[in-house]
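Just below is one structure, and these are the notes that go with it.
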Amino acid sequence: MPELPEVENTRRYLMEIGLPGKTFTLVNIGWANSVKHPELEDFVLGLPGRSVETVNRQGKYLLLPLNTGETLVLHLGMTGGIRVQPKSQPAPPMVRHTLVLDDGTELRFIDPRKFGHLWLVDELKNAVPTMGPEPLNGGFSPNVLTNALAGRSAPIKALLLDQSIIAGLGNLYADEALYLARIHPERMGSSLTSVEVTRLHDCIVLALTTALDRYDQSRRQAWPDPPFGLSTWTVPRKSGDSCITCGTPMKLIRIRARSTYFCPQCQKV
DNA sequence: AGTACGTCCTGATCGC
DNA sequence: TGCGATCAGGACGTAC
């Protein structure tokens, strides 16, 4: 599922494929609920004629500033992925929306479970929810994390999923970071020692940068059709799997209705 | 304010 | 073999 590394991978893909400079000519929405406008028409008629300036990312949101000053916002949801392909190339399965471009290609929004969203905003301000610091570009430090966890009684796993605390973590990389940091996912946020918070901070950064490196590699190797997702984590995520450090069978619990894998030996309460 | 849970979706997988 | 049930989870609305 698209989390920070997957969305950033998509951003780099869109930049490398040369989306900036291209102009939308036609919009084909296959699932109206994905469009966050009261009137679908506002979006469908609002986009053609606009060209893409660049592709930015904020948390799990893709932000495409347009030449008019508006911004096209994309969220991949759980199963979303994007391809920019020649119109003549057969569309892959599960394409929900097609944004036709002026150079004979089209941006294809693939989204089996329809959890993705897209919309157009006049101003970037308030376009997406206020989010915590980006884990990979300054603003994120052990100290910031300590302050964010102070007084919080929710399980650390739930807090890592909270986009207002840290931008971009999802279920898989939250598990990954906790596993690498050897911290039990049900620990109360405020109960982490400063040593643990520092370790968690470092492991969040490590998990994300490791994944991004692999995505960079896979884009080079599989261009122009790189995979949307890779198994870039080290937490065994199948029942019956054993911890790669100590061999103890991994445990599966639910936190906020999310599957949470951890090693009961390495990640003690 | 902080915490927790239901809802939206459908392809894949499981169990009988 | 086939078919129904279950699972998966990001963001948001709502409740307490």
Determine the interplanar angle of the A:H75 and A:Y61 rings, folded into 0 to 90°, and report it as parallel if under 30°, tilted if 30 to 60°, perpendicular if over 60°. perpendicular
At under 4.0 Å, does any side-chain N or O of A:N33 touch on OP1 or OP2 of B:dC8? no
Under 3.5 Å, which N/O atoms of the protein pair with N/O atoms of nucleotides 4-6 of chain B?
| residue | atom | partner | partner atom | Å |
| --- | --- | --- | --- | --- |
| B:dA4 | OP2 | A:R256 | NH1 | 2.8 |
| B:dA4 | OP2 | A:R256 | NH2 | 2.1 |

Side chain of A:L161: nearest nucleotide among B:dG11, C:dG10, C:dG9? C:dG10
Considering just the side-chain nitrogens and oxygens of A:H75, establish if one lies under 4.0 Å of OP1 or OP2 belonging to C:dA11. yes
Please check the phosphate of C:dA11 (OP1 and OP2 only) for any side-chain N or O of A:Q163 closer than 4.0 Å. yes
A:T79 side chain N/O closer than 4.0 Å to the phosphate oxygens (OP1, OP2) of B:dG11? no
Once you apply a heavy-atom cut-off of 4.0 Å, does A:P2 come out as touching a base, just sugar-phosphate, or nothing? nothing
Rounded distance in Å - CG (A:D111) to P (B:dC9): 11 Å
Over all heavy atoms of both residues, which pair between A:R12 and A:L212 is shortest? Give the atoms and the distance, please. NH2-CD1, 4.0 Å
Can you see if the side chain of A:K60 gets near the phosphate of C:dG10 - specifically, an N or O under 4.0 Å from OP1 or OP2? no
Starting at atom CG of A:L76, determine the distance to atom C1' of B:dC9, rounded to an integer number of angstrom. 16 Å
List the atom of A:I183, the atom of A:Q267, and the distance in Å for their closest heavy-atom pair. O-NE2, 2.9 Å
Check the side chains of A:N143 and A:S141 for a donor-acceptor pair under 3.5 angstrom, ignoring hydrogens and angles. no
Report yes if a side-chain nitrogen or oxygen of A:R152 is closer than 4.0 Å to either non-bridging phosphate oxygen (OP1 or OP2) of B:dT3; otherwise report no. yes
Would you say the base of C:dG9 stacks on A:F115 (centre-to-centre below 5.5 Å, plane angle below 30°)? yes
Going by salt bridge (charged side-chain N to carboxylate O under 4.0 Å, His left out), A:D175 matches just one of A:R258, A:K251, A:K157. Which one? A:K157
Determine the contact category for A:H117: base if any of its heavy atoms lies under 4.0 Å from a base atom, sugar-phosphate if only primed atoms, P, OP1 or OP2 are that close, otherwise nothing. nothing
Kindly say whether A:P226 contributes a backbone atom to a donor-acceptor pair with the side chain of A:R219 at under 3.5 angstrom? no
